[in-house]
Amino acid sequence: MNIKILYFARIKESVNYSTEDIVLPADVSNINTLKNYLAGRGEVWADLFNGKQTIRAAINHELVDDMMAINDGDEVAFFPPVTGG
């Protein structure tokens with residue numbers, strides 16, 4: 001499955017880029033398994049995606065929970081929670 005991932009705010013700063021096209025392994029089928037897959041890339045990735053920090057996700061511009069399925073061609077965005085003030 002091919003998807004595009006967008007990273008925003010401190011996530012983008014931590015991984016040093018804002019977007020990537022990626023081919024997912026067959027066992028990555030939802031946001032949760034995608035986060036686990038990304039966490040396996042190394043220490044910086046694990047710090048962001050291991051579940052200890054709140055990272056929000058959107059698929060094709062709609063906010064989703066971690067159990068939402070990912071489909072071929074989707075655009076997945078990750079960003080920290082937004083607070084107002």
Side-chain angles (χ1 to χ4, degrees):
M1 169 175 11
N2 296 299
I3 65 167
K4 178 182 281 281
I5 303 177
L6 306 172
Y7 304 102
F8 291 95
R10 67 178 164 79
I11 302 167
K12 177 174 104 172
E13 294 168 6
S14 294
V15 301
N16 291 320
Y17 50 96
S18 60
T19 185
E20 69 175 309
D21 294 312
I22 188 170
V23 177
L24 296 177
D27 62 338
V28 176
S29 60
N30 61 35
I31 294 296
N32 189 55
T33 56
L34 176 57
K35 286 180 176 180
N36 291 334
Y37 173 75
L38 294 173
R41 288 180 159 179
E43 185 177 344
V44 170
W45 295 90
D47 287 344
L48 291 168
F49 292 104
N50 65 6
K52 294 180 183 175
Q53 296 186 42
T54 301
I55 301 292
R56 299 295 315 262
I59 297 177
N60 301 324
H61 306 275
E62 291 191 32
L63 289 176
V64 296
D65 66 28
D66 281 0
M67 298 313 295
M68 180 60 78
I70 300 169
N71 296 300
D72 189 47
D74 279 347
E75 178 185 87
V76 177
F78 288 113
F79 49 94
V82 178
T83 60

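For reference, positions follow the sequence shown, starting with 1.
Without hydrogens or angle criteria, Asn30 side chain to Met68 main chain gives no donor-acceptor distance under 3.5 Å. Put simply, the side chain of Asn32 never gets that close to the backbone of Met67: no donor and acceptor are under 3.5 Å apart. A donor-acceptor pair under 3.5 Å links the side-chain atoms of Gln53 to the main chain of Asp47, judged by distance alone.
Considering only residues two or more places apart in sequence or on other chains, Asn71 meets the side chain to side chain contact (heavy atoms under 4.5 Å, CB included) condition with Asp74. Residues forming a side chain to side chain contact (heavy atoms under 4.5 Å, CB included) with Ser29 (at least two apart in sequence, or on another chain): Thr33.
Taking every heavy atom of both residues into account, Lys52 and Asn50 meet most closely at N-OD1, 3.0 Å. Between Val44 and Ser14 the shortest heavy-atom distance is CG1-O, 3.5 Å. For the residue pair Lys35 and Asp66, the shortest heavy atom distance occurs at NZ-OD1, 3.0 Å. Between Pro80 and Phe8, the shortest heavy-atom distance links the atoms CD-O, 3.7 Å.
Taking hydrophobic clusters as Ile, Leu, Val, Met, Phe, Trp and Tyr residues chained together by side-chain heavy-atom distances below 4.5 Å, Leu48 shares a cluster with Tyr17. Connection of Ile22 to Ile55 is established within a shared hydrophobic cluster, with ILVMFWY side chains joined at heavy-atom distances below 4.5 Å, either directly or through further cluster members. When the side chains of ILVMFWY residues are joined at heavy-atom separations under 4.5 Å, either directly or via intervening members, Val23 and Leu38 end up in two distinct hydrophobic clusters. Hydrophobic clustering places Ile31 together with Met1 (ILVMFWY residues linked when any side-chain heavy atoms are closer than 4.5 Å, directly or through intermediates). Under the 4.5 Å side-chain heavy-atom criterion for ILVMFWY residues, no single connected hydrophobic cluster contains both Val76 and Leu6.
Under the ring-ring contact (aromatic ring centres under 6.0 Å, His included) criterion, the residue pairs touching residues 37-59 are Tyr7-Trp45, Phe49-Phe78, with sequence neighbours excluded.
Rounding to the nearest 0.5 angstrom, the gap separating the CD1 atom in Ile5 from the CD1 atom in Ile70 is 7.5 Å.
Applying side-chain contact (heavy atoms from CB on, under 4.5 Å) to Ile3 and the options Val28, Asp21, Leu24, Ile59 leaves one that passes, Leu24.
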